Amino acid sequence: MSRDQAHGDVFRIGFTVLDRQIVDRDGQYVGKTDDVEFSWEEGGPPTMTALLTDSAALGPRLTGPLGRLWRTMLNRLRPSEHEPVRIPVNDVEAFSPTTRLSTPVPEGSRTLENWLRRNFIGRIPGARR
Amino acid sequence: MKWVTAFTLGLLTAIGGCLDIGDLVANSIVGSRFGMSLAWVLPVGIIGLMLFTEMSARVTAVSGRATFDLVRERLGARAGLANLLASYFITLLVLSAQMGGIALAFELASGVHYLLWVPVAGVLVWIVLWRMPFEWMEKSYGLLGLALVVFGVALWRLSPDWSGLLASATTLAPPPDEDWSVWWYYAIALFGSAMTPYTVLFFSSSGVEEEWTAKDLGTARVNIFFGFSLGLLLALAIMACAAVFLMPAEVQVTDLDQVALPVVSALGRLGLVVVIVGFFAATFGAALESGLAAGYSVAQYLGWSWGESVSPSRTASFQTVLLLSLLVGVLFMLTGINPIKVTEYSLVLSAAALPLTYLPIFVVANDRGYLGDRVNSRFTNILGSVYLVLLVVVSVAALPLMVYTKAGQ
């Protein structure tokens with residue numbers, strides 16, 4: 001397990017990475033870290049390679065009836081080939097207290113936000129005050 | 001001078017945020033049925049509200065994050081989601097009740113049936129949320145809400161038997177014709193009205209929007225203390241008015257008419273005008289706050305950008321949730337369900353859900369990762385723990401008592 005240099009204690013993914021707010025380099029909200037991606041070579045230890053952000057990525061992490069409901073609902077609401085947004089760990093500047101990226105808002109994130117802005121909220125007079 | 005303005009404005013906000021349709025209805029009903037025998041619940045509730053609002057103001061000022069924003073981080077995705085769903089549902093019910101309250105205030109002023117006013121109320125609330133900057137919003141309804149001081153004036157003009165009121169307030173038992181279970185049921189409703197969770201959600205999120213820092217903490221504390229104390233006095237005045245005027249006349253509170261009755265009888269037409277302004281300000285302000293609280297909680301759980309002062313086009317999802325919540329509230333009230341009953345149920349359900357809001361605040365306020373050395377003091381923690389036990393007891397007792405007493409009949 002890797003050590004967090006700043007605090008000298010164990011770096012716990014469940015505590016420091018998952019469910020934290022992600023902001024881009026300008027402080028714009030990207031979303032929450034809904035899940036993480038691990039990769040490993042044959043025989044090597046698994047390492048965290050990416051953060052996944054997308055409300056659908058949250059589904060598999062919720063157990064029980066609440067998780068089932070979440071998954072069914074979101075599967076109905078989106079195109080079937082939809083994949084969660086993947087943010088490589090190298091793009092992360094800091095994990096705590098907020099996960100800050102060194103890049104602008106990653107492509108493909110905030111689909112709902114953009115759709116609603118174009119087709120609904122942006123069309124109401126006064127939306128750009 | 002600037003400090004003085006900030007102080008008065010904050011004070012107004014605190015008073016405005018402290019009184020809503022729930023307080024108007026609960027205090028009147030309780031006063032008219034039980035005299036002052038449940039008055040003790042109000043200070044207990046308000047002290048709890050002060051305690052936890054201060055914690056959440058501290059979290060916001062030091063970490064720059066709203067309380068609900070941290071709930072998911074600290075409770076995890078699953079417990080956070082369950083919390084979100086319960087809080088959102090209850091806030092929605094409270095929002096509906098406030099819109100019913102606005103409509104009833106309009107009915108009182110115009111004589112036109114309240115159902116016709118419900119959509120008007122919904123549209124007005126939405127326009128204000130859409131167009132008005134934050135500060136303006138708070139100033140206006142805070143200032144207008146002061147009209148409720150008229151209950152104090154009315155109480156004085158009714159020249160009650162003060163020692164009798166005090167004796168009633170120190171009798172910790174229901175009047176002979178009422179049941180203990182009903183007495184306790186209303187104690188819980190009253191507690192729920194004093195500790196309304198959406199106030200804290202709103203307060204901490206607005207702190208983020210106004211970019212509080214640790215420097216603003218002093219002002220925030222003063223505002224919380226004085227504003228909520230004034231709110232407590234007003235709530236007591238409403239209850240006392242009902243106890244002095246409605247109880248002997250055996251008037252049942254089924255509408256805002258009866259809530260206003262003591263004022264009207266003491267101060268006449270002018271009193272009625274002032275009290276309607278007060279009703280409108282209190283319910284309208286609370287509708288704005290609870291609507292925003294509903295939007296904030298969803299946006300903060302899912303990590304969307306949110307904010308009242310940000311251009312709506314940059315917070316499209318948040319604005320959509322606001323709009324949908326208002327729409328659902330309006331439709332719900334348009335079913336013709338009695339707004340006073342909705343208010344009562346919203347209070348008892350709020351009481352049942354109190355730990356959901358206050359436990360996470362308590363946990364975060366003890367986290368050095370966010371607060372450094374500004375974590376809760378030992379005294380705050382002892383008092384906070386006592387309150388958490390109380391909140392759990394209230395929460396467990398609320399629904400069984402509701403069923404057993406048939407919602408206080």
Side-chain angles (χ1 to χ4, degrees), chain A residues 6-7 9 14-24 26-35 51 53-67 69-70 74 95-99 105 109-129, chain B residues 59 62-66 68-86 126-133 208 211 295 298-324 364 367-372:
Chain A
H7 299 89
D9 45 22
F15 196 78
T16 319
V17 181
L18 280 175
D19 295 314
R20 294 252 171 186
Q21 179 73 45
I22 307 175
V23 298
D24 77 348
D26 305 316
Q28 288 221 57
Y29 282 19
V30 177
K32 298 258 175 176
T33 310
D34 293 305
D35 208 345
L51 314 181
T53 172
D54 189 348
S55 305
L58 190 59
R61 284 185 53 216
L62 303 171
T63 49
L66 194 61
L69 179 75
W70 190 259
L74 284 172
F95 279 110
S96 180
T98 2
T99 303
V105 178
S109 63
R110 306 209 296 182
T111 33
L112 177 70
E113 175 84 23
N114 292 335
W115 189 87
L116 284 172
R117 181 172 60 237
R118 275 198 312 275
N119 299 298
F120 179 42
I121 293 293
R123 296 187 174 209
I124 304 174
R128 277 166 227 291
R129 72 168 147 87
Chain B
V59 171
V62 177
S63 69
R65 310 272 303 272
F68 220 90
D69 197 5
L70 303 173
V71 164
R72 182 170 159 193
E73 267 177 44
R74 299 301 277 112
L75 295 189
R78 193 173 137 73
L81 183 62
N83 191 332
L84 170 73
L85 292 177
W126 179 74
I127 288 178
V128 169
L129 286 177
W130 184 257
R131 294 296 303 187
M132 276 249 261
V208 174
E211 296 180 346
V298 176
Q300 288 170 6
Y301 179 84
L302 292 170
W304 297 338
S305 35
W306 51 273
E308 214 278 325
S309 39
V310 188
S311 155
S313 68
R314 292 181 52 202
T315 53
S317 321
F318 167 71
Q319 289 287 347
T320 309
V321 173
L322 272 188
L323 192 54
L324 288 181
V364 176
D367 191 324
R368 286 184 189 276
Y370 298 113
L371 284 167

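Treat the numbers as computed from the prediction; the structure is a model and nothing was measured. Computation of the quantities below employed the complete heavy-atom set of this structure, encompassing side-chain atoms and omitting hydrogens, waters and symmetry-equivalent molecules.
- Considering OH of A/Y29 and OG1 of B/T315, their distance stands at 12.0 Å, rounded to 0.5 Å.
- Considering only heavy atoms from C-beta on, B/S305 comes within 4.5 Å of A/R110 through its side chain.
- Around CZ of A/R117, the count of heavy atoms belonging to other residues, nucleotides or ligands within 6.0 Å exceeds 12.
- Here B/G303 is the residue among B/G369, B/G303, B/A77 with the most heavy-atom pairs under 4.5 Å with chain A.
- For chain B, the nearby parts of A/I124 are the backbone and the side chain; heavy atoms of each come within less than 4.5 Å.
- Neither the backbone nor the side chain of A/W115 comes within contact range of chain B; no heavy atom of the residue lies under 4.5 Å from a heavy atom of that chain.
- To the nearest 0.5 Å, the span separating CG on B/L81 from CG on A/L66 amounts to 4.5 Å.
- For a residue to count as touching a neighbouring chain, one of its non-hydrogen atoms must lie under 4.5 Å from one of that chain's; by this rule B/Y370 touches chain A with the side chain only.
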Verdict with reasoning, A/D19 to B/R78, per salt bridge (charged side-chain N to carboxylate O under 4.0 Å, His left out): CA-CA 10 Å; A/D19 295 314; B/R78 193 173 137 73; over 6 Å; no
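- Counting heavy-atom pairs closer than 4.5 Å to chain B, the top-ranked of the candidates A/I22, A/T63, A/L18, A/D34 is A/T63.
- When heavy atoms are compared at a cutoff of 4.5 Å, A/R61 approaches chain B solely by way of its side chain, counted from C-beta outward.
- For the atom pair A/L116 CG and B/W304 CH2, the distance stands at 8.0 Å (nearest 0.5 Å).
- Of all the heavy atoms in A/K32 and B/D69, the pair that sits closest is NZ-OD1, 3.0 Å.
- Looking at A/V30, the atoms closer than 4.5 Å to chain B (heavy atoms on both sides) all sit in the backbone: N, CA, C or O.
- Here the closest non-hydrogen pair linking A/T33 and B/R72 is O-NH2, 3.9 Å.
- For the pair B/S311 (side chain) and A/A127 (backbone), a donor-acceptor distance under 3.5 Å is present.
- At a 4.5 Å heavy-atom cutoff, B/L70 makes no contact with chain A through either its backbone or its side chain.
- B/Q300 CD to A/Q21 CD: the interatomic distance, rounded to the nearest 0.5 Å, is 9.0 Å.
- The structure places CD of B/E73 at 8.0 Å from OG1 of A/T98, a figure rounded to the nearest 0.5 Å.
- Taking all atoms of both residues into account, the shortest heavy-atom contact from B/S317 to A/E113 is OG-OE1, 2.6 Å.
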